[in-house]
2 protein chains.
Amino acid sequence: MSPVDETQAEVMELFRRLSLVMRRSAVERLADVGLTPPLAIALHHLDEPIAMGALAERLSCDASYVTGLADRLEELGLAERRVDPTDRRVKQLALTEAGLRFRRQARERLYDGAQMLAPLEPDELEAFAAALRKIVDAAESP
Amino acid sequence: MSPVDETQAEVMELFRRLSLVMRRSAVERLADVGLTPPLAIALHHLDEPIAMGALAERLSCDASYVTGLADRLEELGLAERRVDPTDRRVKQLALTEAGLRFRRQARERLYDGAQMLAPLEPDELEAFAAALRKIVDAAESP
DNA sequence: ATCAATGGTTTAGAGTATCAAGCATTCTGG
DNA sequence: CCAGAATGCTTGATACTCTAAACCATTGAT
């Protein structure tokens, strides 16, 4: 029955608010190009062809959700599934030509939200990133 | 056409991952007590009766969403709407007796996710909180 | 050759919101 | 005072995000 640390509770609350603001801003910026945030994020992870399951892992979401994202990216002509010749169960998701062209703008729209980080001085940003890395590493390691 | 700063982009990605982990962990912990995260968060903000609109502002969400949260809290017997006598348009949402008793456990379950912050040393945590405050303040001020 | 395991999809569902329209109440200018 | 604007909340429609369970095809292991 740990008493909740005040600073920790405040951080949780701030974190929640920032998540909301960031998502809303991302939704807004991406709307012009017809993408939703998860689609843009998936696109961002397609530097090279990647198996559906591996992509799910990178996005930390269920594989079945990735199926839907891939469907949509295919409909938009931005990516395509390629059956892996070495294991026909596996499907590699790969950018198309159009996807490659499109990706840069999408990425910029997606990460323009990073301008919210502008109030931080470079060293503050670095410390912030380090703290996040620490937390995420600990949280994601089983 | 600002080139995306690498550290900034990394921070955005880490932030996204942490949001996911935190939400999943909150969902899991709150399931036992029959609450969803937004309900627990709303409860957490009910230190004293608060008008629906004011609550929406605190939660940074649409007022219509708060209507649904309040409905659910009333169904659970944790809160009740009271018509403000000085302005009959306004409804104050207030904890019931049961809600008051319930709130402590809910809060602990909600903020147990704060244990994810444990890897940070106290001074790191403080710096992290300060950075978040800075960002959120800037992001939320119009 | 069979049977378990793996990769991916389908389906169903819950949760998280937002927006537009509407009702009741209050406020304001004439 | 009163017509109309503004405010507070609710309703209803809709979109998105995500998970879990059941399912099919393929592969690997005995």
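Each chain gets a letter, A, B and so on, in the order its sequence line appears, and its residues count up from 1.
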For DNA chain D, whose closest nucleotide is more 5', that of A/Thr36 or that of B/Gly68?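 Mapping each residue to its closest nucleotide by heavy atoms, the 5'-most match is B/Gly68.
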Check whether any side-chain N or O of B/Arg89 sits under 4.0 Å from OP1 or OP2 of C/dC23, and answer yes or no. no
How would you label the contact of [X] with the nucleic acid (heavy atoms, under 4.0 Å): base, sugar-phosphate, or nothing?
X: A/Arg23; value: sugar-phosphate
X: B/Arg81; value: sugar-phosphate
X: B/Thr67; value: base
X: B/Leu39; value: nothing

Over all atoms of both residues, closest heavy-atom pair of B/Ala79 and B/Leu93: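 Shortest heavy-atom contact: CB-CD1, 4.1 Å.
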Applying side chain to side chain contact (heavy atoms under 4.5 Å, CB included) between A/Leu20 and each of A/Arg17, A/Met22, A/Arg23, report the one that passes.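 Only one of A/Arg17, A/Met22, A/Arg23 forms a side chain to side chain contact (heavy atoms under 4.5 Å, CB included) with A/Leu20, namely A/Arg23.
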Which is the 5'-most and which the 3'-most nucleotide of DNA chain D that has an atom under 4.0 Å from a heavy atom of chain A? D/dT17 to D/dT27
Atom [atom1] of [X] to atom [atom2] of [N]: distance rounded to whole Å?
X: A/Arg88; N: C/dG8; atom1: CZ; atom2: C1'; answer: 14 Å
X: A/Leu69; N: C/dG8; atom1: CG; atom2: P; answer: 14 Å
X: B/Leu59; N: C/dA17; atom1: CG; atom2: P; answer: 10 Å
X: B/Leu30; N: C/dA14; atom1: CG; atom2: P; answer: 18 Å
X: A/Tyr65; N: C/dG8; atom1: OH; atom2: C1'; answer: 17 Å
X: A/Arg72; N: C/dT9; atom1: CZ; atom2: C1'; answer: 18 Å
X: A/Glu28; N: C/dT18; atom1: CD; atom2: P; answer: 12 Å
X: A/Asp62; N: C/dA14; atom1: CG; atom2: P; answer: 17 Å

My understanding is that only residues two or more places apart in sequence, or in another chain, count here; which of them pass side chain to side chain contact (heavy atoms under 4.5 Å, CB included) with A/Asp137?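 A/Asp137: no side chain to side chain contact (heavy atoms under 4.5 Å, CB included) contacts found.
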Close side-chain approach of A/Arg101 to A/Thr96, heavy-atom, < 4.5 Å: no
Do the side chains of [X] and [Y] get close enough for a salt bridge, i.e. N-O under 4.0 angstrom?
X: B/Arg109; Y: B/Asp32; answer: yes
X: B/Glu74; Y: B/Arg72; answer: no
X: A/Glu10; Y: B/Arg133; answer: yes

Which residue lies more 5' along DNA chain C, comparing A/Val66 with B/Pro38 via nearest heavy atoms: A/Val66
For the side chain of A/Ser64, starting at C-beta, report the closest nucleotide among C/dT16, C/dT9, C/dT26. C/dT9
